[in-house]
Amino acid sequence: MVKATDILDQEPILEVKDLQTSFFTDKFEVKAVDGVNFAVPKGKTLGIVGESGSGKSITSLSILRLIQNPGKIIGGEILFKGENILKKSEAEMRKIRGNEISMIFQEPMTSLNPVYTVGQQISESFMIHQNMSKKEAMKRSAEMLELVGIPSPKQRVKQYPHELSGGMRQRVMIAIALACDPELLIADEPTTALDVTIQAQILELMKDLQDRLGMSIIMITHDLGVVAETCDYVAVMYMGKVVEYAKVRDVFKNPKHPYTVGLLNSLPRHDIDLGDVELQVIEGSVPSPDNLPKGCRFAPRCPFATELCHEKLPDLEQSDNGNQIRCWIYTDEWDGDQEVDVSAKRTT
Amino acid sequence: MFQFIVRRLIQTIPVLIGVTILTFSMVRLIPGDPAQIMAGESASQEQIELTRERLGLNDPLPVQYFDYVSGVVTGDLGNSIRNGRPVADEIKVRIGTTVSLAFYSTLLSVFLGIIFGVFAAVRRGKLSDTLVMIAALFGLSMPNFWLGLILIQYFAIGRDVLFFNTGWFLASGWGTWQQMVLPVITLGTAGAAIIARMTRSSMLEVIDQDYIRTARAKGVKERIVVYRHALKNALIPVVTVVGLQFGALLGGAVITENVFAINGLGRLMVGAINSRDFPIVQSGVLVFAFLFVFVNIMVDVIYRLLNKRIDLN
Amino acid sequence: MPKELLKVKDLKQYFPIKGGLLGRTINHVKAVDGITFDVYEGETVSIVGESGCGKSTTGRAILRLDEPTAGEVEFDGEDLLALSKKDMRKKRKDLQVIFQDPYASINPRQTVRQILEEALEIQNVVPKNERAKKIADLMEVVGLGAHQADRFPHEFSGGQRQRIGIARALSVDPKLIIADEAVSALDVSIQAQVINLMKQLQRDFALTYLFISHDLGVVRHISDRVIVMYLGKIVEIGDKTSIFDNPHHPYTKALLSAIPVPDPDAQSERVLLEGDVPSPINPPQGCRFHTRCPFATERCRVEAPELRNIDGMKEGHMGACHFMEEIKNGTHQVE
Ligand SMILES: Nc1ncnc2c1ncn2[C@@H]1O[C@H](COP(=O)(O)OP(=O)(O)OP(=O)(O)O)[C@@H](O)[C@H]1O
Ligand SMILES: Nc1ncnc2c1ncn2[C@@H]1O[C@H](COP(=O)(O)OP(=O)(O)OP(=O)(O)O)[C@@H](O)[C@H]1O
Ligand code: SF4
Ligand SMILES: [Mg+2]
Ligand SMILES: [Mg+2]
């Protein structure tokens, strides 16, 4: 096994080691997060990509320990500034949430409480974590709205969420998250529900705020464009596991894992004309969680899979270019074609 | 808000007209000759004719209706057949009793309903949740009069338990708190059960919403998440139920007043029905309908105050 | 020159807004406000634009799922809006639709076989005794395999369900398929499978697609021509290469530049649009884009630009902006 921190150029603010979170349904255990490893460098952005159901949201909720029944964190360590979060009491956790680690969610339309004003919802953070008076907190809330680029903030604090557009609401969510100067911001698909022109505004805002406030960001998304544009490091997830973890350039320019390659190849591009060629596809679909493959989770869809892949689960290992990869091809045990070139068929 | 209330009041006009048409027709739809009935069984032909004339039953229907409505508006509801006193006076002395009975019962059902509903929702799937819901089912299916009689049996007549007797309360009348406790429990229980079930399901829905997760991610204490962030949203649908529930409550008041010998509108009506005192029955129904409409306007106002998403205009 | 299969002229769709005490119509949502375009046989025309710009409404109006407020829709030489309801239903055999959420448009209690049988029954194009074979063929064509016909929709994955939707649309041998966000809900790896399938079916069965999407990557890959809409109007229309490589309208440019490129080395010069899309209830006067356009002048606030072709644009490529020439030459002055 390798250490996630090995590939970082900076100090890690957060290190997730072998995290396991499961949902215990009536019939079976859904291993939503099944041994995840990554680290987030200080002041930089880590992207987590992967298709729907791969465990991105559950990973991020696990970091804040917000998993609700029937879910449970059943193993691993989450080191935040060197301390294991999983060992902390609920009261200590509350001091971290919204204060040292904040989170914004995918659905700006439903993530704000409809019966309280925007100002009340931002103020709450100040009142909990900084013991501010109501009046003072409201004043700071207006300043936060100004910071996230909402015009006439003094009027806006008195408005209810339904009076704002989707883009505005996401700005309000960011204002709530940043109220107490968190060291780590977890953004779970912050722009997926927004139009591209609004997405561009929000991403720009986040980048700008990161430059000014120096926080670290975990950017969860399934949009490889967003990753390329905003992230410094990337963890690619598949079925509850990290299959590739590397610097962003290495993932896009020199992907190693067959799933990462397949993902990049199946992406139709708006900036390049692929002509009339067919898109490369990853055959088949994600197996259902009650039918987990025994070996490599990707084996049933992988064009290179061998007997070994179907039988045994590979570990995350360092490849020659530094990417950390969970694939037999890059190990000494590999029993297939020794010359195999995973990214030979790359189209872009 | 003011505008909304005015509009809501205007909207009730057709409803109120409908109600008056209904109560107006009530007397005219009774099988047999209304004049005969109103004059009494042993009345002579002459008396009947006189009654007919006095009640205006010889006029064309629209004129009769107009007379009736103008009577209602000016507070002239005719006279009781049984004792000849003005119906309006009979109602006036009793309406306070019935309204306070209904008010305290509603208060009790809302209070208990919300507390138990939230309690059960927070403990979803646990034993205490199941117990509360079974109790609610009981409360819901228990007939009013039966519950009343049981309460009288145990807490008015009382039982000897160890060194004391449980006959703490009184079984009849209305005025002192000893008289009020049992009827209010009798009348409020079913409502409490319904509101508890409604609150629970509404809470369960709200607690899974994204904004609850947002609150938790801010570091808000779980107790505050439940009571400040979830409950206020969960109450929005509950409020409507309280309004609808009020109709059932008025029906229940008729029974409860009889069980506890409370001299309210309900008891007046039952007596009037037994003695075929139609002017009283007619006006009683009218008053109940007006109360129901009025309470539902209040409910609408509260609903709007809670639910910020509705544009007031 | 291929012939026009679909001609849309000045199509308008206004949805009434009821309000007031008596529930009178107090205003209109101008969802689609006078759009004109043609679709030629065998090609794929895409409609792109931000949420609420009227893409789906256009599709629904052509199919008369909502009756259009005004305009003309000519399909295969026939005026669709003049048809009786009954004749229109028959006509739907030639115009099929695939939606974003296949699950919402299929009956979950029917097996795939029953779903397809019902579709064949309604249009009655295949004799009863040949239906079983037709269904088996369809299942193979969309890559599900005939052996899966007796399973229920919930037993399939999202991508497979979308294939069921495609099979149903294909069952009646349509000429035109309107695909409304047909691949938007799918993960990229699955999306690619469905796109490839749609392209292959187009070749095999000479299908024409009206492809509605907000994903410009997918659109670039699948289309021959592209229509860019903004607030109920067409702002630019043209062949795919022109739209993507030589856009003329400021909105098209901003839209394209806003899309993140999946390449960390890409140097993108971004035109950041400010503010939100205005409401379609009282859309801005003049050019609808003027409230967000970096080039807007007084003229834009008053006068609505028409679609036109200028020097340096390919034939059939048109934009609706007063200052396309000036912006191109770099001589445009913003007051
Ligand atoms: N409450 C739950 N009960 C059972 N399984 C659950 C529950 N919540 C999540 N899961 C399962 O956990 C897995 C991971 O879910 P998660 O929400 O993390 O996916 P994701 O990567 O965020 O996907 P998306 O891109 O769709 O948001 C999924 O297979 C999902 O079915
Ligand atoms: N039946 C309807 N009644 C009233 N307004 C409607 C109706 N259908 C659509 N609209 C409005 O018309 C406008 C255009 O809607 P439409 O669904 O065509 O947008 P779209 O471009 O398909 O957006 P999206 O990308 O979100 O699907 C929107 O403002 C929408 O709110
Ligand atoms: S007409 Fe004016 S406002 Fe409209 S797009 Fe062109 S420059 Fe911008
Ligand atoms: Mg998610
Ligand atoms: Mg649409």
Side-chain angles (χ1 to χ4, degrees), chain A residues 50-54 149 151 165-168 191 193-201 203-204 221-232 247-253 259 262-274 276-286 288 301 348, chain C residues 48-53 143 155-160 183 185-197 199-200 203 214-222 240-241 243-245 251 254-266 268 270-279 292:
Chain A
E51 43 201 302
S52 188
S54 57
S165 68
M168 293 265 215
T191 56
L194 305 173
D195 276 319
V196 273
T197 60
I198 310 298
Q199 162 170 294
Q201 294 172 0
L203 294 181
E204 188 70 28
T221 177
H222 61 257
D223 185 331
L224 289 164
V226 172
V227 174
E229 190 150 292
T230 60
C231 302
D232 303 295
K247 291 193 173 125
V248 70
R249 235 187 138 270
D250 294 332
V251 166
F252 281 90
K253 296 294 171 192
Y259 175 67
L263 210 55
L264 286 166
N265 280 351
S266 52
L267 191 67
R269 300 270 295 257
H270 77 279
D271 58 325
I272 301 174
D273 199 339
L274 297 177
D276 223 13
V277 300
E278 286 215 324
L279 291 172
Q280 300 268 321
V281 301
I282 304 176
E283 296 294 344
S285 55
V286 184
S288 80
R301 303 177 72 190
T348 54
Chain C
V48 301
E50 289 174 282
S51 181
C53 68
E155 300 174 56
F156 291 94
S157 70
Q160 288 175 319
V183 297
L186 307 175
D187 277 312
V188 268
S189 71
I190 308 296
Q191 175 179 284
Q193 297 172 0
V194 177
I195 293 173
N196 284 349
L197 173 67
K199 281 191 95 159
Q200 187 204 332
R203 282 193 297 274
H214 63 264
D215 184 330
L216 281 107
V218 174
V219 165
R220 174 157 207 172
H221 189 72
I222 204 165
K240 146 173 95 174
T241 320
I243 295 286
F244 282 94
D245 292 342
Y251 176 66
L255 190 65
L256 286 171
S257 83
I259 308 166
V261 179
D263 180 350
D265 292 343
S268 61
R270 179 149 295 167
V271 190
L272 258 196
L273 289 183
E274 302 212 342
D276 291 310
V277 182
S279 151
R292 298 172 82 199

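A note on names: the letters A, B, ... follow the listed sequences, proteins ahead of strands, and every chain is numbered from 1.
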(message) Shorter than 4.5 Å, heavy atoms on both sides: which option in C:H221, C:K199, C:Q191 has the most such pairs with chain A?
(response) C:H221
(request) Would you indicate whether the side-chain heavy atoms of C:H214 and A:D195 approach each other to under 4.5 Å? (result) no
(message) How close do A:V226 and C:P260 get, counting heavy atoms only, and between which atoms?
(response) N-CB, 3.6 Å
(request) For C:K240, enumerate each residue passing the salt bridge (charged side-chain N to carboxylate O under 4.0 Å, His left out) test, keeping only those at least two apart in sequence or located in another chain. (result) none
(message) Please give me the minimum heavy-atom distance between A:R301 and C:Q193, naming the atom from each residue.
(response) NH2-NE2, 4.4 Å
(request) Sort out for me which of A:G262, A:G167, A:A200, A:G53 touches chain C most, counting heavy-atom pairs under 4.5 Å. (result) A:A200
(request) Name all residues meeting the salt bridge (charged side-chain N to carboxylate O under 4.0 Å, His left out) criterion together with A:D271; count only those two or more places apart in sequence or in a different chain, and write none if there are none. (result) A:R269
(message) Any non-hydrogen side-chain atom of C:D263 less than 4.5 Å from a side-chain atom of A:K253?
(response) yes
(request) With a 4.5 Å cut-off on heavy-atom pairs, point out which of C:I222, C:D245, C:I259 contacts chain A the most. (result) C:I259
(message) Please classify the contact between C:I195 and chain A as side chain, backbone, both or neither, with a heavy-atom cut-off of under 4.5 Å.
(response) side chain
(request) Find out whether C:V219 and A:H270 are in side-chain contact, i.e. whether some heavy atom of one side chain is under 4.5 Å from a heavy atom of the other. (result) no
(request) State whether a side-chain donor-acceptor pair under 3.5 Å links C:Q160 with A:S285. (result) no
(request) For each of C:G52, C:G143, C:G217, tally heavy-atom pairs with chain A at distances under 4.5 Å, and name the one with the top tally. (result) C:G217
(message) Quick check on A:E51 against chain C: is it the side chain, the backbone, both or neither that has a heavy atom closer than 4.5 Å?
(response) both
(request) Grab the two heavy atoms, one from A:I198 and one from C:G275, that are nearest each other, plus how far apart they are. (result) CD1-O, 3.7 Å
(request) Could you grab the distance from atom CG of C:L272 to atom CD of A:Q201, nearest 0.5 Å is fine? (result) 6.5 Å
(request) Quick one: pull up CD1 in A:I282 and CD1 in C:I190 and give me the separation to the nearest 0.5 Å. (result) 8.0 Å
(request) Determine the minimum heavy-atom distance between A:F252 and C:P264, stating which atoms define it. (result) CB-CD, 3.4 Å
(request) Pick one of side chain, backbone, both or neither for A:Q199, based on which atoms fall under 4.5 Å of a heavy atom in chain C. (result) side chain
(request) Considering non-hydrogen atoms only, spot the tightest contact between A:A228 and C:V261 and give its length. (result) CB-O, 3.4 Å
(request) Using a cut-off of 6.0 Å, state whether more than 12 heavy atoms not belonging to C:E274 lie near its atom CD. (result) no
(request) Drop me the distance from A:T197's OG1 to C:L256's CG, to the nearest 0.5 angstrom. (result) 12.0 Å
(message) Using every non-hydrogen atom in the two residues, find where C:N196 and A:L279 come nearest and quote the distance to one decimal.
(response) ND2-O, 2.7 Å
